[in-house]
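Below, chains carry the letters A, B, ... as their sequence lines are ordered, and counting in each starts from 1.
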2 protein chains.
Amino acid sequence: MPAAFPAEPQMSATAEEEAYRHIQRALRLGRYKPGDRLIPEEIAAEIGMSRMPVREAFRRLASDGLVVLRPNRGCVVAGLTVDELYEIFEIRSVLEGLAVRLAMPRIDEEEFEELERLLERMERAGQSGSSDWVVRHQEFHGRICALSRRPKLIHQISALHVVIEPYMRIWFDDCDKPHSAREEHAVVIAALRSGDELHAEKVMQDHILSTAPMLAEFVSPSR
Amino acid sequence: MPAAFPAEPQMSATAEEEAYRHIQRALRLGRYKPGDRLIPEEIAAEIGMSRMPVREAFRRLASDGLVVLRPNRGCVVAGLTVDELYEIFEIRSVLEGLAVRLAMPRIDEEEFEELERLLERMERAGQSGSSDWVVRHQEFHGRICALSRRPKLIHQISALHVVIEPYMRIWFDDCDKPHSAREEHAVVIAALRSGDELHAEKVMQDHILSTAPMLAEFVSPSR
DNA sequence: TAAAGTATTTTTGTATCCACGTATTATCAA
DNA sequence: TTGATAATACGTGGATACAAAAATACTTTA
């Protein structure tokens, strides 16, 4: 079974890895807010290690766009402007569109059932108000991407999901529009079933672009 | 004038930045070969700084996919398998396709002339055998991307160009197929002139995908 | 009150040290 | 010779203490 993204739950754990995971997790869950300053010393103490691995983790997080590193001014939690959020959704649309196109030929009946199972689980999470709707939603998209069998593509898409995750959570918490997401995603499955790769690609693109405006309202002005 | 990618030629230079630029440049030029081990001490001495900023630079380079960091085994120059190279070109095709689609409405006659100037400069570099044909080629693509006015999109595409740069150089050095690139790119400009965004997007996609197989022959087997 | 200068805090980088994993070499038995 | 095993060298990952530079905060003075 190909793993969906929230990737690499492996347990090798150098200190830097641990710091990276720890901070990333906090950011995904929205524990740190955009603009918050991350002080290496504090975080190091929190996890029980020295500054060095934490600072290294900062570099990676900055590469991921989760954090902004300004010379001599330390590490600040990144926030997205509305424009940036739209941009990410534009990028997601073509990337996940590509993933769908590539995945399509590999999807058999068994896989369709798995996708429908994931869709159902997502809906249940949505109804119960549990905010791991966001995680389920990622699993659904991640599953399709995984089927493309393109490691770098999967990685890039996954990284974008991490960046938007805090906003997805706010969106989910503040209103329950996500319920209508059921049909939205059912349409994607239907398109996959159609066997028309370019059609499915287009449907995925439209699906992703259509959610951007809804999210956009909840974006904090940021720096 | 919007800057083309080889981005950020700014001169703020923390030590980490310097290390990052230094190593990236060496990798782009192919001074280090895939599989080579990068020893922090050596590089630190080479640039005249301590290990720490070098180690931090490694993290970013690893995020960029230029280098592989394995726990307790240090830093090794990444190489691309044929599959990975194809994958990168697939990703480039949709990303740069998107950039073209977004850039199109902003291109005026002046900009077309600039693009033609860049194309000509690229050709001249190709004829003189100077290997900064690769740089000119990047400038051409970078210019179009810049017109999309999407910072994150530009950044991602730029990162991919950096990864494939060493292979582009090998390709260029070993044969002079790049000459035929003139028409290839002229077609892209023509498509931009057509005013049909989706057509131009498609043309750019095809252009990029068509170069992958030519490059693929020159890819080292890698790990 | 505004400007200038001083002090403090942070960030960044250096230098050193150590434990542990990996890789290499040397040793020894079959 | 060959293969397995032990000894060793090396590099990595990390800790810690310290120094320099920048940014921020705080006075003091005009």
- line: B:E16 CD to C:dT11 P, in whole Å, measures 16 Å
statement: Residue pair A:R37/B:R55 against DNA chain D: nearer the 5' end by closest nucleotide is B:R55
- prompt: Between which nucleotides of DNA chain D, 5' to 3', does chain B make heavy-atom contacts below 4.0 Å?
  reply: D:dG11 to D:dG14
message: Regarding B:R59 and B:E56, does a basic nitrogen lie under 4.0 Å from an acidic carboxylate oxygen?
response: no
message: So B:L153 and B:Q156, do their side chains get closer than 4.5 Å, heavy atoms only?
response: no
- request: Salt-bridge test for A:R117 and A:E114: reply yes if a basic N is under 4.0 Å from a carboxylate O, no otherwise.
  value: yes
task: Give, for atom NZ of A:K152 and atom CG of B:L160, the distance between the pair rounded to the nearest 0.5 Å.
output: 9.0 Å
message: I want to check a possible cation-pi pair here: A:R92 against A:F89, using under 6.0 Å from ring centre and within 45° of the ring axis as the test.
response: yes
query: By side chain to side chain donor-acceptor pair (under 3.5 Å), which residues pair with B:E201, not counting sequence neighbours?
result: B:R101
field: B:H161 and B:H141 side chains, donor-acceptor separation under 3.5 Å
entry: no
Short N-O contact, B:E139 and B:R136, less than 4.0 angstrom: yes
With 3.5 Å as the limit, what N/O pairs link the protein to nucleotides 14-21 of chain C?
{"unit_1": "C:dT14", "atom_1": "OP1", "unit_2": "B:S50", "atom_2": "N", "d": "3.4"}
{"unit_1": "C:dT14", "atom_1": "OP2", "unit_2": "B:S50", "atom_2": "N", "d": "2.9"}
{"unit_1": "C:dT14", "atom_1": "OP2", "unit_2": "B:S50", "atom_2": "OG", "d": "2.4"}

